[in-house]
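Keep in mind that this is a model prediction, so the values were computed, not measured.
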Amino acid sequence: MKARRNKKQIPSFRKLLKTSKVKLENKLKNKQFKQQSTLKKYRKEQRKLRQAVKDAVSKRPIPLEDPKGKRPGKRIEREEEEEEEALPLDMMDEDDLQLMKDLGQRASFLTRDLSSSEPVHVKKRKREHVIEKYEKIPRALQTAPEKELIHLLPIKDKSGIIPQTREKPVIDSNQDEEDQEEVELEEEIIEDPVRELTLEEHLTERKKKLQEKKMHIAALASAILSDPESNIKKLKELRSMLMEQDPDVAVTVRKLVIVSLMELFKDITPSYKIRPLTEAEKSTKIRKETQKLREFEEGLVSQYKFYLENLEQMVKDWKQRKLKKSNVISLKAYKGLAEVAVKSLCELLVALPHFNFHNNIIVLIVPLMNDVSKLISEMCCEAVKKLFKQDKLGQASLGVIKVISGFVKGRNYEVRPEMLKTFLCLRIKEIEVKKDTEDINKPKKFMTFKEKRKTLSRMQRKWKKAEEKLERELREAEASESTEKKLKLHTETLNIVFVTYFRILKKAQRSPLLPAVLEGLAKFAHLINVEFFDDLLVVLHTLIESGDLSYQESLHCVQTAFHILSGQGDVLNIDPMKFYTHLYKTLFKLHAGATNEGVEIVLQCLDIMLTKRRKQVSQQRALAFIKRLCTLALHVLPNSSIGILAINRILMHTFPKTDLLLDNESQGSGVFLPELDEPEYCNAQNTALWELHALRRHYHPIVQRFAAHLMAGAPSEGSEALKPELSRRSATELFETYSMAAMTFNPPVESSNSKRKVCFLEICHFPSVVLL
């Protein structure tokens with residue numbers, strides 16, 4: 001036997017679609033039926049009313065329903081013919097009169113058309129179905145309203161689809177009238193005119209509202225700080241105030257909530273990253289304390305995420321100049337909100353580099369470093385610099401460098417130079433040079449038990465065991481990252497930095513980013529791989545010779561070249577004479593005007609070129625530079641003169657034979673050629689430092705002191721020796737110390753002789769005494 005087939009099957013999509021079509025058809029039929037029935041009712045009632053009025057006036061029997069073929073005009077004609085054909089009663093027989101009376105007493109007489117010649121029973125049989133239909137139609141005088149039907153979803157059975165209906169509930173008209181009256185009364189109450197507040201009353205009310213909001217924010221924040229684990233849900237309540245809708249205090253309240261939440265997150269955030277729980281960890285049974293901690297961490301991470309999303313949305317609204325539908329905050333207020341949001345993001349970037357969503361904050365901050373608004377751009381750049389300076393391990397710095405490098409490349413190197421200047425704050429001093437440096441930071445090996453038994457006594461083994469245990473505990477207590485991991489992160493970071501620098505040198509040599517690139521290369525040049533030295537020096541020399549660079553940019557090129565050669569480049573046989581010649585030739589471009597700031601870079605270059613490379617520098621070259629620097633000191637600002645004289649003092653100590661410049665007698669043949677650009681062939685040994693006599697009468701006391709010191713041969717002892725606060729400082733430090741950026745004399749100029757001032761005043765006040 002075949003298995004019995006289950007008749008109850010799941011309806012297919014086609015059947016369901018068919019059912020839905022039936023439902024739509026029923027709804028349409030229901031609507032059409034209602035419209036037709038109401039029209040029919042109205043017409044029938046009007047027709048019956050007219051007929052009743054006519055019957056009452058004429059008091060003559062009128063058929064309830066005329067045949068379909070008859071018209072009112074024909075009926076009038078027929079009545080007129082009947083009047084003409086009718087016979088007077090005195091001419092009728094008695095039997096006919098009696099028949100008429102009998103028929104008048106019957107009810108069927110009213111339903112009969114007298115003009116018809118057919119018998120009564122024939123008409124009655126024809127109109128039986130008409131009367132039945134008429135009786136079914138409700139009368140106009142009925143009190144109960146007609147019940148309307150609502151078509152429902154049909155039911156499908158074996159026989160087919162069975163339509164379903166339900167009576168529509170009747171709404172009491174009196175109840176509707178009462179409700180309408182109540183609504184009208186409420187509208188009248190609402191429409192009462194509100195008294196307009198004066199400006200003073202409005203400000204007072206705003207101040208009161210703002211004070212209430214401040215107290216509420218303070219109460220929530222103090223509750224969260226007192227017990228974060230128990231009151232973590234209040235973070236949501238505080239964060240909801242970011243959507244403040246009162247237009248009087250909306251902007252101020254939102255700013256206060258942003259700053260409050262930022263400080264709260266900085267205080268209650270743990271010092272570790274919170275990871276999501278696995279399914280196995282969720283299913284295991286744990287203690288109440290652990291469960292409470294988990295709930296706190298989960299709530300903290302979610303609220304922190306929503307808070308960052310709110311800050312991001314505020315910045316986007318300001319950037320898009322997009323006005324919300326609520327119209328609570330104007331477009332002008334968006335900028336203030338965006339500035340507070342960016343400031344909070346910068347604070348979180350620096351304060352919570354270890355916590356969740358730090359990379360998301362980096363992605364938000366880096367594009368704002370190139371923002372049109374100078375305030376926001378500087379704020380973001382300062383935050384990134386601060387992060388670089390305090391990042392000891394290098395994990396956070398690596399994330400920021402990756403995003404900045406990608407952003408600069410995506411913008412085709414059209415960004416602010418301040419973005420690349422942040423690289424100078426990186427704390428990178430050493431990197432992994434090669435993989436074979438396994439001797440660095442080798443883990444200490446402890447002796448095995450067999451080795452101890454062979455070499456140590458029982459007491460020595462006991463002491464050794466205690467010592468090893470203490471070392472392990474100390475190593476665990478330090479909790480510091482290994483040097484290998486740190487070097488690895490620094491190496492990867494510096495590789496990305498150099499890739500960015502080299503791309504700009506190759507593709508955007510006329511970009512405003514070039515000074516920042518050259519400055520960065522000068523700082524990290526000692527960490528560049530030796531394989532790139534030759535190519536990099538060729539590129540730098542090409543840039544200098546092209547003439548497209550400014551003077552300061554060319555100085556950065558020279559500085560970078562000598563930084564490269566002072567590190568690992570010592571082992572290379574590269575002659576940097578062209579860089580010496582370029583610097584010697586362009587020294588006189590410095591003056592007391594706009595190029596005075598370039599003196600600092602020149603002092604750094606001279607220190608690397610002459611002092612640190614003294615073994616590769618000839619005496620002729622040193623003499624030429626000392627002579628030209630003394631001439632330069634005559635027409636620069638005092639702080640520049642001090643720095644130049646300080647570097648000359650160092651050179652005279654480094655090259656002792658240069659004291660011949662203090663003598664008038666010439667050494668060897670030839671005449672000094674000051675206009676020659678080659679330091680090796682200008683015959684500087686045949687001249688003297690006559691500029692020191694002029695500098696000795698300089699108005700600045702420190703310049704006078706340095707000039708006198710150099711004229712005496714730069715002694716380290718004696719009356720002409722410098723004070724320790726001058727001799728122990730480098731040339732760059734002296735340049736910055738005596739800077740005139742504040743447009744004042746540093747140190748201040750001494751006042752004139754007091755006696756002369758007193759005499760002048762006496763002459764002015766007592767002229768008669770003087771005349772006598």
Would you mind listing every side chain to side chain donor-acceptor pair (under 3.5 Å) that reaches into residues 352-366, with sequence neighbours excluded?
none
I need the Ile362 CD1 to Lys402 NZ distance, nearest 0.5 Å.
10.5 Å
With Tyr42, which residues qualify under side-chain hydrogen bond (donor to acceptor under 3.5 Å, both in side chains), at least two apart?
none
Would a 4.5 Å heavy-atom cut-off, applied to side chains only, mark Asn310 and Gln313 as touching?
no
Keeping the roles fixed (side chain from Ser302, backbone from Gly299), state whether a donor-acceptor pair exists under 3.5 Å.
yes
Could you check if a side-chain atom of Lys255 sits within less than 4.5 angstrom of a side-chain atom of Val251, using non-hydrogen atoms only?
yes
Measure the shortest side-chain to side-chain distance between Met215 and Gln211 over non-hydrogen atoms and say whether it is less than 4.5 angstrom.
yes
Does atom CD (Glu200) have a neighbourhood of more than 12 heavy atoms from anything else shown, all under 6.0 Å?
no
How about Phe296 and Lys292: do any of their side-chain heavy atoms sit closer than 4.5 Å?
no
Report yes or no: does Ser240 contribute a side-chain atom to a donor-acceptor pair with the main-chain N or O of Glu237 at less than 3.5 Å?
yes
Side chain of Asp246, backbone of Asp248: donor and acceptor closer than 3.5 Å?
yes
Side-chain touch Thr269/Tyr304, heavy atoms, less than 4.5 angstrom:
no
Atom pairs and distances, side-chain donor-acceptor, residues 256-267, under 3.5 Å, sequence neighbours left out:
| residue | atom | partner | partner atom | Å |
| --- | --- | --- | --- | --- |
| Ser260 | OG | Leu256 | O | 2.7 |
| Lys266 | NZ | Glu347 | OE1 | 3.4 |

Mind checking the CD-NZ spacing from Gln303 to Lys236? Nearest 0.5 Å is all I need.
7.0 Å
Please enumerate all residues that pass salt bridge (charged side-chain N to carboxylate O under 4.0 Å, His left out) together with Arg275, with sequence neighbours excluded.
Glu281
Glu201 side chain reached by Glu205 side chain, heavy atoms, under 4.5 Å:
no
Keeping to residues at least two apart or across chains, list the salt bridge (Lys or Arg N to Asp or Glu O under 4.0 Å) pairs with something in residues 212-231.
Lys213-Glu244
Scan residues 293-313 for pairs that pass salt bridge (Lys or Arg N to Asp or Glu O under 4.0 Å), counting only residues two or more places apart or in two chains.
Glu312-Lys316
Please round to the nearest 0.5 Å and tell me the distance separating atom NZ of Lys319 and atom OG of Ser373.
8.0 Å
Hey, does Phe407 have a side-chain heavy atom less than 4.5 Å from the side chain of Met369?
no
Approximate separation, where rounding is to 0.5 Å, of Ser230 OG and Ile224 CD1:
12.0 Å
Straight-line distance of Leu300 CG to Tyr307 OH, nearest 0.5 Å
13.0 Å
N/O donor-acceptor pair under 3.5 Å between Asp371 side chain and Ile376 backbone:
no
Got a donor-acceptor contact below 3.5 angstrom from the Thr165 side chain to the Ile150 backbone?
no
